[in-house]
Amino acid sequence: MLALVADMISKVMGVGRCQLFLEDSATGELVLGASVNYNPPGQGRTVVGKGEGLTGAVFEEGQPIVLNSAGELADSKIGETLPFERVPCISAPIKLGGRAVGVLTVSDKQESDAFFDENDLCLLTALGDRIAVAIERATSYESARDQFVSAMVAMRSLLEARRAPVDKSGDHGALVVELGHSMGLHDEEVRLLQYVSRIHDVGMVRVGEGILKKPGGLGEGEYESVKKHPEEGVDIVGPIEFLDQVKDVILHHHERYDGEGYPGRLSGESIPIGARILAVVDAFGSMVSDRPYRSAMPVDEALEELRRCSGTQFDPDVVERFINIVGKTASDVQLQERA
C-alpha cells in the first residue's frame, strides 16, 4: 500500500520524486516505506533519526518545511540535506492524534516553474492527513483486512484518475485558491478545496474510457452513467476521507444554480460554496482544453460562456469574481510579454 501511496502522491503533486517515511515504534527512528525515483543503496533499510536532514527536522518539529534554494537551506537550521533530498523540495509530517508518525518529501516539480509555493504546501499537507487515516485504518485490528482493501482501492482509483488525460483540465489549483480567498473562505477551507479540485472527478474511473474518449455525442444510457460519477467518487474516497465537507463538494460539483443539476437538484446557496466555486473553475478548464469532440476555446470565449450561464448554471457572484481574476491574470501576462 505504501508504494501505491507514494506513486499516487507523485501524480497528484506533479513531481518526479517522492519519499514516504514511517516511524519505527521500537527505535523512534524513521524508516523509508516507499519511494518514487529513488533507489536506496545496498540491501539495508534507509533510516533517518530525529533532526537529521530535512526529513528528520520535519519529523522532530512536526511542521512542514519548503526549501526552494541553497540560500534558504543555508538560512535554516537543517544543515546538510540527506542523499535522497533535493532542493527545491517540500516535506510535511504525517500525523496521527496530533503526533508525527511519518514524513512525506517530494521534489523535482514537473511544471515549468520548478519552485514549490503555498499551494503545493497546502496540497501535500492535505494528502498527508488522508494518508494518515488510510494507514491507521489499514493497521487497525478491527476489520483490518476489509479496511486495508478499501484503502487500497481508494488509492488505486485516485492514481488511475490522475493518469487519465481527461482530468488534466482540472489542474487549476492557483485559480481555485485565489477564487476561494476572493469568496471569503478561510485558509483551511481553501486548502481543502484545492485538494478536492485535484480528485473531484475520481468517480470517472468507473465510467470507462470508451465513454470518456467518445468523439461524438453520448447516448442517453451513457450520459446517465456519467452523471453517476459524483456519487461513485464519494464511494471511492470514503475509506480515506474523514471530512463531510470534502465529500459534499465531490458529490455536488455538478449541481446548477437554478436547481437543474445533479445528483441532488440543489439550487442557489443550498449548494456548498466549494462546489459552486469548483463548478466555475472546472467548466473554464474544460472549455480551454482540447476534448475528443472539439478543440480548446480561446480564453475570452470561455469567459463569455461563463457570463451567459451566470445565474442559471453558475453562481453569479462566483462567475463575476472569477472573470475579474482571470482578466487580471491575462493582463499581467500581456504586460510581461510586451516587456
Side-chain angles (χ1 to χ4, degrees), residues 5 8-9 11-13 119 122-123 125-134 137 150-164 166-173 175-177 179-180 183 185-186 188-208 211-212 223-257 259-267 269-286 313-315 318:
V5 166
M8 183 205 71
I9 290 171
K11 297 298 187 301
V12 174
M13 292 290 301
N119 295 333
C122 288
L123 183 56
T125 303
L127 288 169
D129 291 342
R130 275 121 197 107
I131 300 312
V133 172
R137 291 180 174 178
S150 296
M152 286 282 286
V153 169
M155 293 295 177
R156 189 174 297 280
S157 296
L158 286 172
L159 179 56
E160 290 173 359
R162 293 301 303 169
R163 283 175 172 162
V166 72
D167 286 329
K168 289 184 179 179
S169 65
D171 289 346
H172 292 275
L175 288 174
V176 167
V177 169
L179 184 55
M183 293 297 299
L185 270 61
H186 300 301
E188 176 65 14
E189 294 173 309
V190 171
R191 180 169 71 88
L192 290 175
L193 184 57
Q194 187 204 17
Y195 159 68
V196 178
S197 74
R198 298 288 184 106
I199 57 100
H200 65 284
D201 275 334
V202 62
M204 286 293 192
V205 300
R206 292 184 179 174
V207 174
I211 294 177
L212 297 179
Y223 182 57
E224 289 302 315
S225 178
V226 170
K227 287 172 63 177
K228 293 179 181 178
H229 82 269
E231 295 160 292
E232 298 282 13
V234 171
D235 182 58
I236 288 171
V237 304
I240 60 171
E241 185 49 64
F242 52 90
L243 291 178
D244 289 338
Q245 179 183 352
V246 169
K247 289 183 278 192
D248 285 346
V249 174
I250 294 175
L251 182 62
H252 296 299
H253 71 276
H254 277 291
E255 304 286 359
R256 289 172 52 110
Y257 199 71
E260 295 299 314
Y262 61 88
R265 297 181 68 85
L266 303 183
S267 63
E269 295 190 4
S270 64
I271 304 170
I273 181 60
R276 282 180 273 149
I277 290 172
L278 191 55
V280 171
V281 178
D282 201 32
F284 175 78
S286 178
Q313 184 173 352
F314 306 117
D315 181 331
V318 175

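Sequential numbering from 1 along the given sequence is applied to the chain's residues.
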>> I'd like to check the side chain to side chain contact (heavy atoms under 4.5 Å, CB included) partners of A279; sequence neighbours left out, ordered by chain and number.
In response: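 Residues passing side chain to side chain contact (heavy atoms under 4.5 Å, CB included) with A279: F314.
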>> For V246, give me all partners under side chain to side chain contact (heavy atoms under 4.5 Å, CB included), at least two apart in sequence or on another chain.
In response: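 Only R130, L192, Y195, V196, E241, L243, I250 meet the side chain to side chain contact (heavy atoms under 4.5 Å, CB included) criterion with V246.
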>> With side-chain contact (heavy atoms from CB on, under 4.5 Å) as the criterion, how do R198 and L127 come out once you've worked through the C-alpha distance, each side chain's angles and the decisive distance to 0.1 Å?
In response: CA-CA 11 Å; R198 298 288 184 106; L127 288 169; over 6 Å; no
> Should E189 and Q245 be marked as a side-chain contact (heavy atoms from CB on, under 4.5 Å) after you check the CA-CA gap, both sets of side-chain angles, and the distance that decides it?
Replying inline: CA-CA 9 Å; E189 294 173 309; Q245 179 183 352; 3.9 Å; yes
>> Can you give me the closest heavy-atom contact between I236 and G203, atom names plus distance?
In response: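 Minimum heavy-atom separation between I236 and G203: CD1-CA, 4.1 Å.
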> Of all heavy-atom pairs between R256 and I271, which one has the smallest distance, and what is that distance?
Replying inline: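 Taking every non-hydrogen atom into account, O-CD1, 3.3 Å.
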> Is any side-chain heavy atom of F284 less than 4.5 Å from a side-chain heavy atom of L175?
Replying inline: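 Yes, at least one pair of side-chain atoms sits under 4.5 Å.
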> Can you check whether V202 reaches E232 side chain to side chain, under 4.5 Å on heavy atoms?
Replying inline: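 No - every pair of side-chain heavy atoms lies 4.5 Å or more apart.
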>> For R265 and E255: C-alpha separation, side-chain torsions, deciding distance, then whether salt bridge (Lys or Arg N to Asp or Glu O under 4.0 Å) applies.
In response: CA-CA 6 Å; R265 297 181 68 85; E255 304 286 359; over 6 Å; no
> Could you state the interatomic distance from CD (Q194) to CG (L179), rounded to the nearest 0.5 Å?
Replying inline: 13.0 Å
> Once you round to the nearest 0.5 Å, how far does CG of L193 lie from CD1 of I273?
Replying inline: 9.0 Å
> Are M8 and I131 close enough, and set up right, to give a side-chain contact (heavy atoms from CB on, under 4.5 Å), and what steps lead you there?
Replying inline: CA-CA 11 Å; M8 183 205 71; I131 300 312; 4.2 Å; yes
> Parallel under 30°, tilted from 30 to 60°, perpendicular over 60°: which one fits the rings of H254 and Y262?
Replying inline: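 Parallel.
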> Around atom CD of E269, are there more than 12 heavy atoms of other residues, nucleotides or ligands at under 6.0 Å?
Replying inline: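 At most 12 heavy atoms, drawn from other residues, nucleotides or ligands, come within 6.0 Å of this atom.
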>> Is a donor from one side chain sitting under 3.5 angstrom from an acceptor on the other, for D282 and H253?
In response: no
>> Pair I277, L185 - check side-chain contact (heavy atoms from CB on, under 4.5 Å), show working.
In response: CA-CA 11 Å; I277 290 172; L185 270 61; 4.1 Å; yes
>> Quick check on side-chain contact (heavy atoms from CB on, under 4.5 Å): which of V249, D248, L251 does V234 satisfy it with?
In response: L251
> Distance-only, no hydrogens or angles: does the S286 side chain make a donor-acceptor pair with backbone N or O of A283 under 3.5 Å?
Replying inline: no
